[in-house]
A.B. asks: 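Here it is: the structure, laid out below.
Each residue takes its place number in the sequence, starting with 1. Just the heavy atoms: all of them, side chains too, but no hydrogens, waters or symmetry mates, feed the values below.
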Amino acid sequence: MADPITVFDRQILKLRRDRAATRAQDFNFLFAETAERLADRLDDTTRSFPIAVDLGCHSGELGQIIGKRGEIEQLYQADISQRYAKAAQANNAGNTNGTIVADEEFLPFAEGSLDLIISNLSLHWVNDLPGMLLQARRALKSDGLFLASMLGGETLKDLREALMTAEAEEEGGVSPRVSPFVDVKDAGALLQRSGFALPVVDADDLLIDYPDALKLMRDLSGMGESNLVAKRSRKFTKRSTLARAAAIYHERHARPDGRIHAKFQIIYLTAWAPDESQPKPLRRGTGQVSLVDFLGDVPDKNN
């Protein structure tokens with residue numbers, strides 16, 4: 001039985017990432033796209049970050065973008081997979097200062113040692129996200145930046161529903177497939193609970209076009225992003241189940257041209273390690289503008 005806090009099988013995650021690293025360039029399109037979007041958010045800051053860590057670096061897609069930018073002097077890449085770390089180093093020769101094999105759940109960084117922690121589509125597989133965020137905040141210097149993207153709960157909802165329906169039909173039961181991803185509403189609260197200041201959370205949907213659901217499932221396997229729920233069935237999914245899932249997906253969601261969209265919900269988290277220089281909210285009762293003056297007279301609901 002899985003421990004109550006062990007929602008995801010991190011050992012299988014490591015093995016799948018090791019395997020994905022051997023063909024990363026064939027399947028890294030999602031990581032590359034979100035890396036660009038994450039880098040755009042970094043550009044919105046006017047700060048410099050002498051020492052930065054790319055946490056969960058995959059094959060170095062984010063490092064290839066931000067490693068060339070002047071606001072970062074030293075960039076280190078870290079991943080739970082040794083093969084991914086080696087691939088990231090090879091793909092970013094000259095852009096980064098080295099790679100580290102590190103588990104996001106046990107950060108190996110000294111307290112107050114980093115100016116920036118940036119992470120691209122890795123944190124959705126962390127079991128204890130509040131604990132990980134607390135470690136990240138402690139590793140940052142005062143006024144250091146935490147910037148991350150992660151998959152949200154609306155990701156691949158149509159595929160999960162099709163697989164569950166097909167499994168019930170073909171195998172007489174359903175194994176756990178729904179990952180308890182964080183949602184937008186809760187993400188800001190998690191950042192505040194972890195001691196971060198000025199948290200900002202937003203999300204967008206990335207739609208990727210596919211000829212059918214089988215191609216989508218092959219891509220997920222190639223990325224190392226298939227089901228990692230610890231209590232999932234350990235049996236291989238039957239081919240008939242996969243074929244039925246693809247048929248259900250097509251029946252419910254295909255466009256007139258026969259193709260489908262796969263939706264990935266991307267949640268972006270931005271927050272800062274506390275510092276005295278940061279703006280503070282005004283004390284209650286110190287406002288200088290009346291809400292009546294600002295909003296106008298409130299109509300009497302009895303009239």
Side-chain angles (χ1 to χ4, degrees), residues 1-20 22-23 26-31 58 80-81 121-129 150-184 186 203 205-267:
M1 294 292 291
D3 185 271
I5 204 170
T6 306
V7 180
F8 304 115
D9 190 331
R10 300 279 297 175
Q11 184 59 33
I12 294 298
L13 171 66
K14 181 178 178 180
L15 294 174
R16 288 182 179 173
R17 286 196 169 197
D18 280 342
R19 184 175 60 192
T22 63
R23 296 184 60 194
D26 295 332
F27 297 100
N28 70 344
F29 55 91
L30 181 63
F31 306 138
H58 300 102
I80 192 173
S81 162
L121 291 193
S122 282
L123 302 187
H124 50 275
W125 295 129
V126 170
N127 284 301
D128 182 10
L129 188 58
M150 60 190 299
L151 295 178
E154 292 298 309
T155 296
L156 299 178
K157 184 178 179 180
D158 295 339
L159 177 63
R160 294 200 302 261
E161 290 175 352
L163 281 166
M164 291 175 67
T165 302
E167 194 172 21
E169 291 180 4
E170 297 292 322
E171 302 184 31
V174 177
S175 62
R177 293 184 181 275
V178 180
S179 300
F181 295 147
V182 69
D183 62 25
V184 175
D186 293 335
D205 293 335
L206 183 58
L207 298 178
I208 298 180
D209 192 66
Y210 278 97
D212 53 55
L214 292 175
K215 179 62 168 66
L216 167 59
M217 288 185 272
R218 285 194 292 269
D219 278 0
L220 291 173
S221 178
M223 288 188 283
E225 292 290 320
S226 48
N227 185 17
L228 285 172
V229 176
K231 293 183 179 180
R232 72 196 182 282
S233 172
R234 294 305 198 266
K235 299 184 298 182
F236 285 108
T237 304
K238 295 179 179 179
R239 290 187 178 182
S240 61
T241 302
L242 297 177
R244 179 61 184 140
I248 292 170
Y249 200 121
H250 184 273
E251 291 165 7
R252 295 178 178 177
H253 306 292
R255 303 196 307 265
D257 64 359
R259 298 180 69 85
I260 63 169
H261 274 146
K263 184 174 85 169
F264 295 85
Q265 183 188 39
I266 313 299
I267 296 178

A.B. asks: Is the closest side-chain heavy-atom distance between Arg17 and His58 below 4.5 Å?
C.D. replies: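 A side-chain contact under 4.5 Å exists here.
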
A.B. asks: Using side-chain contact (heavy atoms from CB on, under 4.5 Å), reason through Glu171 and Lys238 one step at a time and then give a plain yes or no.
C.D. replies: CA-CA 8 Å; Glu171 302 184 31; Lys238 295 179 179 179; 3.8 Å; yes

A.B. asks: Using side-chain heavy atoms (C-beta onward) and a distance below 4.5 Å, is His124 in contact with Glu225?
C.D. replies: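 The answer is yes; the side chains approach within 4.5 Å.
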
A.B. asks: Answer yes or no: is there a side-chain heavy-atom contact under 4.5 Å between Asp219 and Leu30?
C.D. replies: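 Asp219 vs Leu30: side chains apart.
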
A.B. asks: Quick check: does any side chain N or O of Arg10 sit under 3.5 Å from a backbone N or O of Trp125, one acting as donor and the other as acceptor?
C.D. replies: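 Answer holds: yes.
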
A.B. asks: Taking the side chain as every heavy atom from C-beta outward, state whether Ile260 and Asp158 have any pair of such atoms under 4.5 Å apart.
C.D. replies: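 Answer no - side chains too far apart.
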
A.B. asks: What's the separation between atom CZ in Arg218 and atom CG in Asp26, rounded to the nearest 0.5 Å?
C.D. replies: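 So the gap between those two atoms works out to 13.5 Å.
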
A.B. asks: Could you tell me if the side chain of Leu220 sits less than 4.5 Å from the side chain of Leu216, heavy atoms only?
C.D. replies: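 Yes, close enough: below the 4.5 Å cut-off.
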
A.B. asks: Does CZ belonging to Arg255 count more than 12 external heavy atoms closer than 6.0 Å?
C.D. replies: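 Enclosed.
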
A.B. asks: Identify the heavy atoms of Asp183 and Asp186 that sit nearest to each other, and give their distance.
C.D. replies: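 So the minimum-distance heavy-atom pair works out to OD1-N, 2.8 Å.
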
A.B. asks: Measure the spacing between CG of Leu129 and CG of Leu123 and express it to the nearest 0.5 Å.
C.D. replies: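 So the gap between those two atoms works out to 6.5 Å.
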
A.B. asks: At their closest point, which heavy atom of Asp18 faces which heavy atom of Ser81, and how far apart are they?
C.D. replies: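 Scanning both residues, the minimum pair turns out to be OD1-OG, 2.5 Å.
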
A.B. asks: Do you know the tightest heavy-atom contact between Ala245 and Ala166?
C.D. replies: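 Of all heavy-atom pairs spanning Ala245 and Ala166, the closest is N-CB, 3.4 Å.
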
A.B. asks: Could you give the distance from CD (Glu167) to CG (Leu242), rounded to the nearest 0.5 Å?
C.D. replies: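 CG of Leu242 is found 9.5 Å from CD of Glu167.
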
A.B. asks: Taking the side chain from Asp9 and the backbone from Ile12, do they hold a donor-acceptor pair closer than 3.5 Å?
C.D. replies: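 Present.
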
A.B. asks: Is Glu154 close to Lys263 at the side-chain level, that is, under 4.5 Å between some pair of heavy atoms?
C.D. replies: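 Lys263 vs Glu154: side chains touch.
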
A.B. asks: Any side-chain heavy atom of Gln265 within less than 4.5 Å of one from Leu156?
C.D. replies: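 Side chain of Gln265 against side chain of Leu156, heavy atoms only: no contact under 4.5 Å found.
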
A.B. asks: Please walk me through it: do His261 and Asp209 pass side-chain contact (heavy atoms from CB on, under 4.5 Å)?
C.D. replies: CA-CA 5 Å; His261 274 146; Asp209 192 66; 3.9 Å; yes

A.B. asks: With side-chain contact (heavy atoms from CB on, under 4.5 Å) as the test, would you mind laying out the steps for Phe8 and Leu13 before giving the verdict?
C.D. replies: CA-CA 8 Å; Phe8 304 115; Leu13 171 66; over 6 Å; no

A.B. asks: Passes salt bridge (Lys or Arg N to Asp or Glu O under 4.0 Å), Glu169 versus Arg244? Steps please.
C.D. replies: CA-CA 9 Å; Glu169 291 180 4; Arg244 179 61 184 140; 2.8 Å; yes

A.B. asks: In the structure I gave you, are the side-chain heavy atoms of Ile208 and Phe29 within less than 4.5 Å of one another anywhere?
C.D. replies: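 Counting from C-beta outward, Ile208 and Phe29 do come under 4.5 Å.
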
A.B. asks: Write down the atom of Ser221, the atom of Ser226, and the distance for their closest heavy-atom approach.
C.D. replies: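 Closest pair (atom of Ser221, atom of Ser226, distance): CA-OG, 4.4 Å.
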
A.B. asks: Of all heavy-atom pairs between Tyr210 and Lys215, which one has the smallest distance, and what is that distance?
C.D. replies: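 Taking every non-hydrogen atom into account, CD2-CG, 3.6 Å.
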
A.B. asks: Are more than 12 heavy atoms, taken from residues, nucleotides or ligands other than Arg23, located less than 6.0 Å from that residue's CZ atom?
C.D. replies: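 No.
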
A.B. asks: Looking at Ala213 and Ala246, what are the two nearest heavy atoms and their distance?
C.D. replies: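 Ala213 and Ala246 have their closest heavy atoms at CB-CA, 3.8 Å.
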
A.B. asks: Do side-chain atoms of Thr155 reach the backbone of Leu151 as a donor and acceptor pair under 3.5 angstrom?
C.D. replies: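 Not confirmed, Thr155 side chain does not pair with Leu151 backbone.
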
